[in-house]
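I have placed the structure first, in the form of structure tokens, so that the comments after it can refer back to it.
In what follows, chains carry the letters A, B, and so on, assigned in the order in which the sequence lines appear, proteins first and then strands, with residues in each chain numbered from 1.
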Amino acid sequence: MRYSSQSVAYWYFAVAMVLFGLQLVFGLLSATKYLGPDPLLYILPFDVTKVMHTNLLIVWVLAGFMGASYWMIPEESRSELHSVKLAYIQLVLWTLMGVTAIIGYFFRYGTGNKLLEQPLPHKLVIVLCMLIFLYNIGMTIKKSGRFTTTEGVLVLGLVSSAVLFFPALFHYENYTVSIFYRWWTIHLWVEGVWMMIMGSFLAYLLIRLSGADREVMEKWLYVIVGLVFIAGILGTAHHYYWVGVPQYWLPIGGFFSALEPLALAGMAAYAYAAMRRSGLAHPNTLALHWTIGSAVFSLFGAGLLGLAHTWPAVNKWTHGTLITAMHGHAAFYGAYVMIVLAMITYALPGLTQGRREQGSVMGYWAFWLQIAGMFGMTLSFATAGIGQVYLERIMGMGYLDAQLKIQVHFLMLIATASFFTVGVALFIIDFFRYPPRLSVDEASDQESLNAGAASGQ
Amino acid sequence: MNNRQARMFAVGSTAIAALVFLILTLDSHRQFPELTHSENITPQVTRGKDVWHKYNCINCHTLFGEGAYYAPDLTKITEHRGDAYLQAYMRDPSQFYDEQTHRRLMPDQDLSEEEITDLIAFLDWVSKVDNQGWPPRPIRVTGGPMQSASRQVSPSGGEKTSAAGTKTSGTTPVTEEDDYRAQGESVFETATPACTSCHSTAPGADMAGPTMAGIVSRARETLKSDDYTGDATDLESYIRESIVAPSAHIVSGGMYSSGGTSFMPSNYEESLTEKEIAQLVAYLATLK
Ligand code: HEM
Ligand SMILES: [Fe+2]
């Protein structure tokens with residue numbers, strides 16, 4: 001840690017860790033309900049556990065993005081944050097928003113609009129937090145006078161995320177129109193502007209970990225961003241299939257979303273090339289695992305498994321089945337969970353006392369258990385989904401009867417999800433094992449720099 | 001390619017894609033009223049949509065295939081189930097499904113009668129939106145694939161075809177020359193709502209309605225018994241009566257009726273032609 005204000009990142013990460021843990025509690029509960037019968041039918045039915053599961057994900061991943069930005073911006077701009085106090089106010093507001101929303105869902109206080117279930121007051125707090133956040137990093141950059149391409153892409157990604165949240169604040173009389181605009185927020189986030197955020201973190205980590213040439217890395221970052229948007233913007237149409245919009249969205253969605261994996265392949269190639277050319281310049285090999293892992297897993301989860309059902313002729317049969325859950329889990333995990341965990345792992349030795357740069361044995365177990373667990377979960381959803389498509393959609397078996405026939409895949413889901421949860425638990429324990437470091441410690445900072453220099457070839 | 005060109009590529013491609021997207025968005029708005037029949041979004045439909053949101057239905061079910069995957073898709077549910085059935089179902093789902101059998105049950109939402117009626121109006125509006133003919137085959141709630149799985153089922157009858165006119169084709173073709181009973185079997189699958197969405201033809205496989213297997217012998221017994229309340233005198237007239245006037249005689253058992261009114265839709269006399277009904281009768285009279 002070079003700048004003492006970077007330590008706010010620790011608290012963002014800490015909140016993210018706690019909410020990540022909670023997210024899995026509700027995920028596991030939801031999975032057991034697939035197996036049924038459900039003893040909690042009237043206390044905590046599926047719809048409630050599912051809302052909590054997805055909303056906790058969004059809240060903690062965004063907390064992770066914010067923390068990671070507060071870590072990265074001072075380093076890139078070589079300056080302390082504009083206001084540490086504002087950063088803490090923002091964190092408190094954000095956490096309160098998230099926690100009260102979750103408690104509210106327990107009492108069915110929500111909009112009941114998929115993925116945008118946050119009640120209006122909560123949505124307004126989200127906007128407020130984004131404004132504080134953007135103001136704070138904007139001022140930091142402005143005061144420092146140093147603005148790198150890497151952070152430029154990050155800031156643009158964050159600003160656009162805030163802008164794209166606006167359609168979610170309105171109410172639409174026509175259900176089809178409300179679906180249309182739901183995806184302006186959700187799809188253009190995950191397959192558009194969040195990719196900029198991910199790409200920027202990836203570039204930052206690769207430059208630090210591999211010592212790759214900044215000039216080259218930033219050039220390719222632009223190319224990746226271009227690819228993301230060529231395909232991603234019109235690719236929104238893959239959410240417009242069968243919802244009551246004009247016919248032309250079908251071929252447009254098919255063509256452009258089929259191009260989306262290009263950007264993801266670009267990111268994976270980017271990470272691979274950086275490592276090959278420049279080798280390892282930093283002792284934090286665990287962070288490197290998460291970084292490369294994120295690039296590879298998102299190519300698999302988002303690119304390959306997205307492509308698998310993005311063509312209208314296929315999607316016609318798979319739409320609204322567990323095939324979607326298969327892709328959603330692998331894509332979100334690979335792209336956004338792993339990149340946040342990569343940033344946390346990279347920053348943690350600087351943010352805590354007494355931690356080895358190289359990462360701990362527990363940290364490696366966390367990595368491999370999560371990877372294996374999530375891969376298994378993806379396979380479980382895939383096999384369940386394929387069964388469902390054949391039995392229910394093609395053969396015409398009733399929904400409830402088809403679900404009975406695929407029970408064994410739900411067992412597999414719960415088993416693999418348990419592995420995954422152990423991996424996450426280890427990550428969280430490893431996170432909290434060492435106390436936070438609250439000031440810049442010259443000696444240890446020097447040490448890690450030396451270690452970095454020594455191991456760089 | 002240098003850094004500046006790379007940046008131009010990023011900015012340029014984003015701008016072009018965004019522009020095309022915005023133009024198509026405007027055009028979609030132009031078409032929404034027609035595609036979604038927005039003139040039919042009455043205050044009642046809007047209230048029904050609010051009920052849908054208030055009770056968080058989308059986090060178990062899907063509409064247009066969008067939502068959660070824990071409960072069946074409801075896009076076309078009003079084409080599969082009559083009003084009376086849906087109302088009774090929403091008053092108490094546990095009367096219709098058994099958690100021990102299906103390992104899953106919809107919790108009673110404690111809806112008011114008005115909420116139920118509004119919700120059905122909303123779902124009915126949804127079922128008529130032109131969504132490119134999806135789903136390609138009806139998605140049923142229960143039942144096995146015993147209804148000749150190789151067939152694609154489509155809504156029938158010219159004016160009753162899905163509002164958009166996007167009739168899915170692919171039903172095993174039957175022509176005028178085909179046997180009357182074969183044509184009846186086709187009607188059994190293609191009527192709106194399709195008979196197959198509630199009746200199977202497999203022995204013992206009761207769904208939302210009783211199985212049609214053994215209808216012949218059951219009908220003969222019913223006609224002989226003192227409990228029979230309808231006007232039919234023989235097998236054919238009994239089957240015909242069951243189709244056009246479901247409440248004339250109530251079949252006991254299951255959740256087939258309430259207060260002397262059958263849950264079976266009562267509009268087949270209007271939605272099917274006289275010839276189609278005769279074909280249906282001929283077909284069903286073969287199910288000994
Ligand atoms: C990091 C990138 C991505 C993330 C985080 C992501 C995440 C998701 C999620 C969570 C859903 C489920 C939405 C719902 O509940 O309805 C979804 C749906 C979908 N995704 Fe992605 N996705 C990504 C990239 C892609 C790519 C690159 C493609 C295509 C090549 C793709 C194709 C699809 C399609 C077609 C659906 C709709 C499935 C349906 O409802 O029928 N996704 N995605
Ligand atoms: Fe998408």
Side-chain angles (χ1 to χ4, degrees), chain A residues 33-38 41-42 45-47 50-51 108 110-114 173-177 179-180 215 218-220 222-223 225-226 229-230 233-234 236 241-248 250 252 316-317 319-322 324-325 391-401 403-404, chain B residues 1-3 6-7 9-10 13-14 17-18 20-21 24 27-28 31-32 35-36 38 41 46 49 52-60 62 64-70 72-73 97 99-100 102-105 107 126 129-132 134-145 147 149:
Chain A
K33 288 166 196 286
Y34 267 99
L35 210 53
D38 181 8
L41 191 61
Y42 282 99
F46 181 87
D47 65 294
K50 197 234 167 191
V51 176
R108 283 256 175 98
T111 64
N113 185 9
K114 179 177 174 176
E173 198 70 3
N174 187 324
Y175 196 78
T176 291
V177 178
I179 292 177
F180 191 88
E215 189 74 4
E218 293 188 336
K219 179 174 86 185
W220 288 106
Y222 276 131
V223 175
V225 171
F229 286 112
I230 288 182
I233 294 180
L234 288 164
T236 313
Y241 303 161
W242 337 119
V243 299
V245 301
Q247 182 97 22
Y248 52 67
L250 290 179
I252 291 178
K316 174 162 96 174
W317 301 103
H319 183 52
T321 66
L322 290 163
T324 311
L391 293 174
E392 178 195 318
R393 300 299 170 87
I394 296 178
M395 307 262 290
M397 185 185 282
Y399 174 91
L400 287 170
D401 295 283
Q403 292 286 309
L404 271 181
Chain B
M1 182 169 55
N2 63 30
N3 209 309
R7 185 165 57 209
F9 166 72
S13 51
T14 306
V20 174
F21 189 59
L24 293 179
D27 184 69
S28 298
Q31 298 198 39
F32 281 142
L35 293 168
T36 64
S38 60
I41 306 181
T46 299
K49 185 190 65 165
W52 172 263
H53 282 149
K54 178 174 168 199
Y55 292 93
N56 206 18
C57 311
I58 198 156
N59 276 303
C60 286
T62 47
F64 301 121
E66 260 208 4
Y69 318 116
Y70 187 68
D73 183 78
Y97 296 107
E99 196 175 8
Q100 296 315 313
H102 285 112
R103 307 183 70 98
R104 240 179 255 188
L105 182 63
V126 166
V129 167
D130 175 3
N131 67 341
Q132 282 89 36
W134 190 89
R137 276 175 208 179
I139 301 174
R140 295 202 236 139
V141 180
T142 50
Q147 311 298 338

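- Considering only heavy-atom pairs separated by less than 4.5 Å from chain A, the leading option among Ile58(B), Val126(B), Val20(B) is Ile58(B).
- Put simply, the side chain of His319(A) gets close to the backbone of Phe64(B): a donor and an acceptor are under 3.5 Å apart.
- Heavy-atom pairs under 4.5 Å with chain B peak, among Thr321(A), Leu322(A), Asp47(A), Val177(A), at Asp47(A).
- Distance check: Arg103(B) CZ to Leu35(A) CG gives 5.5 Å after rounding to the nearest 0.5 Å.
- In terms of modelled atom types and a separation under 3.5 Å, the side chain of Glu99(B) and the main chain of Asp38(A) share a donor-acceptor contact.
- In this structure, the side chain of Lys49(B) engages the main chain of Glu173(A) through a donor-acceptor pair within 3.5 Å.
- The aromatic rings of Trp52(B) and Tyr175(A) lie perpendicular to each other, with more than 60° between the two planes, well past the 30° mark.
- The CZ atom of Arg137(B) sits 12.5 Å away from the CD atom of Glu392(A) when rounded to the nearest 0.5 Å.
- Taking OH of Tyr69(B) as the reference point, atom OG1 of Thr324(A) lies at 4.0 Å (rounded to 0.5 Å).
- Of the two parts of Thr111(A), only the backbone, made up of N, CA, C and O, holds a non-hydrogen atom closer than 4.5 Å to a non-hydrogen atom of chain B.
- Both the backbone and the side chain of Pro246(A) come within contact range of chain B, judged by heavy atoms closer than 4.5 Å.
- Among all heavy-atom pairs drawn from Glu66(B) and Lys114(A), the shortest one is C-NZ, 4.4 Å.
- Top candidate by heavy-atom pairs under 4.5 Å with chain B, chosen from Thr236(A), Leu250(A), Val225(A), Leu234(A), is Leu234(A).
- Closest approach of Val223(A) to Ala6(B), counting heavy atoms only: CG2-CB, 4.1 Å.
- The choice from Asn2(B), Leu24(B), Leu105(B) that makes the most heavy-atom pairs within less than 4.5 Å of chain A is Leu24(B).
- Proximity of Val243(A) to Asn131(B): side-chain heavy atoms (C-beta onward) are nowhere separated by under 4.5 Å.
- From His102(B), atom NE2 reaches atom CG of Leu404(A) across 5.5 Å, with rounding to the nearest 0.5 Å.
- The residue among Arg7(B), Gln31(B), Lys54(B) with the most heavy atom pairs within less than 4.5 Å of chain A is Arg7(B).
- Of the residues considered (Gly67(B), Ala18(B), Ala68(B)), Gly67(B) shows the highest number of contacts with chain A, using heavy-atom pairs under 4.5 Å.
- Between the Trp242(A) side chain and the Pro135(B) main chain, no donor and acceptor come within less than 3.5 Å of each other.
- Ring geometry for Phe180(A) against Phe32(B) counts as perpendicular: the plane angle is over 60°, on a 0 to 90° scale with 30° as the lower cut.
- Top candidate by heavy-atom pairs under 4.5 Å with chain A, chosen from Thr62(B), Asp73(B), Asn3(B), is Asn3(B).
- If you measure heavy-atom distances from Thr36(B) to chain A, the contacts under 4.5 Å come from the side chain alone.
- For Tyr34(A), the parts lying near chain B are the backbone and the side chain together; criterion is any non-hydrogen pair under 4.5 Å.
- The CD1 atom of Ile252(A) lies 10.0 Å from the CZ atom of Phe21(B); values are rounded to the nearest 0.5 Å.
- Top candidate by heavy-atom pairs under 4.5 Å with chain A, chosen from Cys60(B), Ser28(B), Ala10(B), is Ser28(B).
- Contact detail for Gln100(B) and Pro37(A): the closest heavy-atom pair is OE1-CG, 4.1 Å.
- For the residue pair Asn174(A) / Ser38(B), no side-chain donor-acceptor distance below 3.5 Å is found, with atom types taken as modelled.
- Most heavy-atom pairs under 4.5 Å with chain B: of the set Phe229(A), Tyr241(A), Tyr42(A), this distinction falls to Tyr42(A).
- Not a single donor-acceptor pair under 3.5 Å links the side chain of Tyr97(B) to the backbone N or O of Leu400(A).
- We find the OH-CZ distance between Tyr55(B) and Arg108(A) to be 8.5 Å, quoted to the nearest 0.5 Å.
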